[in-house]
Amino acid sequence: MDSCPYQFSSLRMISTLKKPPLQPRSTVFSMFTRTKCCSIAGTMRPSMAEANSALSYKKFVHFALEETKKHTQLIPSSLQENFNCLKAIDGKTELQMYSFGSPNIRLLRSLSIEGSDGMQVLDFAIFPRPEFDLPIFCANFFTTAVMNIVVLDLNPLHDVISQRDYKEKYYKHLIPLGVKYAELLPWGGRITTESMKFFSPIIIWTKFPPSEQKHHVLYSAFKDYLKSWLELMDQASMETDVSQIMFNLESQHRYLTWRAEKDPGHQVLRRLVGETPAKEIIRSFLFNGVDDLGSKTFIDYFPEYKSGDGTINQKRSMIGKSFESRPWDARGEFIVRKLLRARVELMNTLVPSLAVATVTPQILYDLLQHESHSVLLPAGIRELTGEGSECLMLFI
């Protein structure tokens, strides 16, 4: 947060937010940051421009910066001293990075990658300051010659399924927007179950072959989602209660901790620039704050990933993938929870003799949220669930 001169009195006691500017941790990484690359307004090398100009993500970044400047004063982050432009190991692929802060924004950062083989990546995010409980703007786009993989969302800072007031506050009026683009960019299929806790009812998760028409739809969605986030920012009131600020801070740190450890883009970065620079980009740039904003570890937040020797299990998911179709309905209700509620009522009506406490939808939902493998459901309940109770079936 040193990148922005604004200081809020309610956070002056939080020493973790006053870390000095980052310094290069390795000679290798310093060498990469000194490499000269094109600017966002510059021109790509002809060979890359011919291949990627029509479907480039550069215009996404340009729009995002210009639009955000209309709403707040963007101040370059000190991160830009060390994270600006890299050339990959192949000498052809370029990684371009930008970072800013503002009175409302802890960090706005962008990583875009353009490869000579047609690969393109955009990882764009806006993290609010902890005085605001705003969602986290998240755009992760990965493109190859044969496929586009897209995640676009206003990731909730707090749980939108169990905390309905948070959902009503930030998402109720955005549901029609989500429905619109859910039809244009259909659900991409099964997804890592644990990731669902970080998604909102308006998430766009989709996959499609390269298409100029789809690219235009995605650009439209990106612009609409960003404008919606900026409107939320304009309307947001700064929190003054220290306990709520700390709650926001821990929620953001939990999010960063998950992403820094389990984000699927890590392998791409390691392949492009090597293990050490990739780790530096992940922890100090993409998910900046994971080492500063809190003291809890990944295991503290997600104990189900603890291996027998105390280390983090490297599996992407401890449960597996689920949700073949979109798990929210047109009203933004979590469909799986509605299904569980109906089946729980059936369980408690038809199997009253089971020697267990009453099973509630919240108990079953907690299984999904916390991946508790210590809860064993009786055979009678298993027989009544049926194939439709997807998230329940994950545990039995």
Practice item. Using side chain to side chain donor-acceptor pair (under 3.5 Å) as the criterion, point out the one residue from Asp263, Asp153, Asp123 that pairs with Asn140. Key: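 Going through the options one by one, the only one that passes is Asp123.
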Check your understanding: Name the one of Glu261, Lys296, Arg254, His253 that satisfies side chain to side chain donor-acceptor pair (under 3.5 Å) with Tyr301?
Key ->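 One option only clears the test, and that one is His253.
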How about [X] and [Y]: does a side-chain donor come under 3.5 Å of a side-chain acceptor?
X	Y	result
Thr143	Tyr57	yes
Thr93	Glu114	no
Tyr98	Asn84	no
Asn248	Gln244	yes

Check your understanding: So is Arg259 actually on top of Phe287's ring, under 6.0 Å and inside 45° of the axis?
Key -> no
Check your understanding: Does Tyr305 have Lys315 sitting over its ring (NZ/CZ under 6.0 Å from centre, angle to axis within 45°)?
Key ->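 Negative - Lys315 is either too far from the ring of Tyr305 or too far off its axis.
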Taking ring-ring contact (aromatic ring centres under 6.0 Å, His included) as the definition, give me every residue that meets it alongside [X], ordered by chain and number, with sequence neighbours left out.
X	result
Tyr166	His158, Tyr170
His266	none
Phe222	Phe60, Phe124, Phe137
Trp328	Phe334

Going by salt bridge (Lys or Arg N to Asp or Glu O under 4.0 Å), name the residues that satisfy it together with [X], two or more places apart in sequence or in a different chain.
X	value
Lys227	none
Arg271	none
Glu231	none
Asp133	Lys169

Exercise for review: Considering only NZ, NE, NH1 and NH2 on the basic side and carboxylate oxygens on the acidic side, decide whether Glu239 and Arg129 come within less than 4.0 Å.
Suggested key: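 A salt bridge is absent here (no side-chain N lies under 4.0 Å from a carboxylate O).
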Check your understanding: Ion pair present between Asp159 and Lys197, side-chain N to carboxylate O less than 4.0 angstrom?
Key ->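 The answer is no: the pair does not qualify as a salt bridge.
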Exercise for review: Return the minimal non-hydrogen interatomic distance between Ser112 and Leu122, and the atom names on each side.
Suggested key: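 Residues Ser112 and Leu122, closest heavy atoms: CB-CD1, 4.3 Å.
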Point to revise | Which atom of Leu107 lies closest to which atom of Ser99, heavy atoms considered | key: CD1-CB, 3.9 Å
Check your understanding: Are Phe302 and Ile299 linked, directly or through other ILVMFWY residues, by side chains that come within less than 4.5 angstrom of each other?
Key -> yes
Check your understanding: How many angstroms lie between atom CZ of Phe323 and atom CD1 of Ile335, to the nearest 0.5 angstrom?
Key ->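 One finds 10.5 Å between CZ of Phe323 and CD1 of Ile335.
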Which residues share a side-chain contact (heavy atoms from CB on, under 4.5 Å) with [X], sequence neighbours left out:
X	result
Pro186	Thr206, Lys214
Ala182	Arg326
Glu275	Arg270

Review point. Which residue pairs pass the salt bridge (charged side-chain N to carboxylate O under 4.0 Å, His left out) test with at least one member in residues 135-150, sequence neighbours excluded?
Key: none
Check your understanding: ring pair (Phe, Tyr, Trp, His ring centres under 6.0 Å) between Phe198 and Trp258: does it pass, once the steps are laid out?
Key -> CA-CA 9 Å; Phe198 300 109; Trp258 170 263; 5.7 Å; yes
Practice item. Run through Ile281, Ile113, Ile89 and flag the one making a side-chain contact (heavy atoms from CB on, under 4.5 Å) with Leu272. Key: Ile113
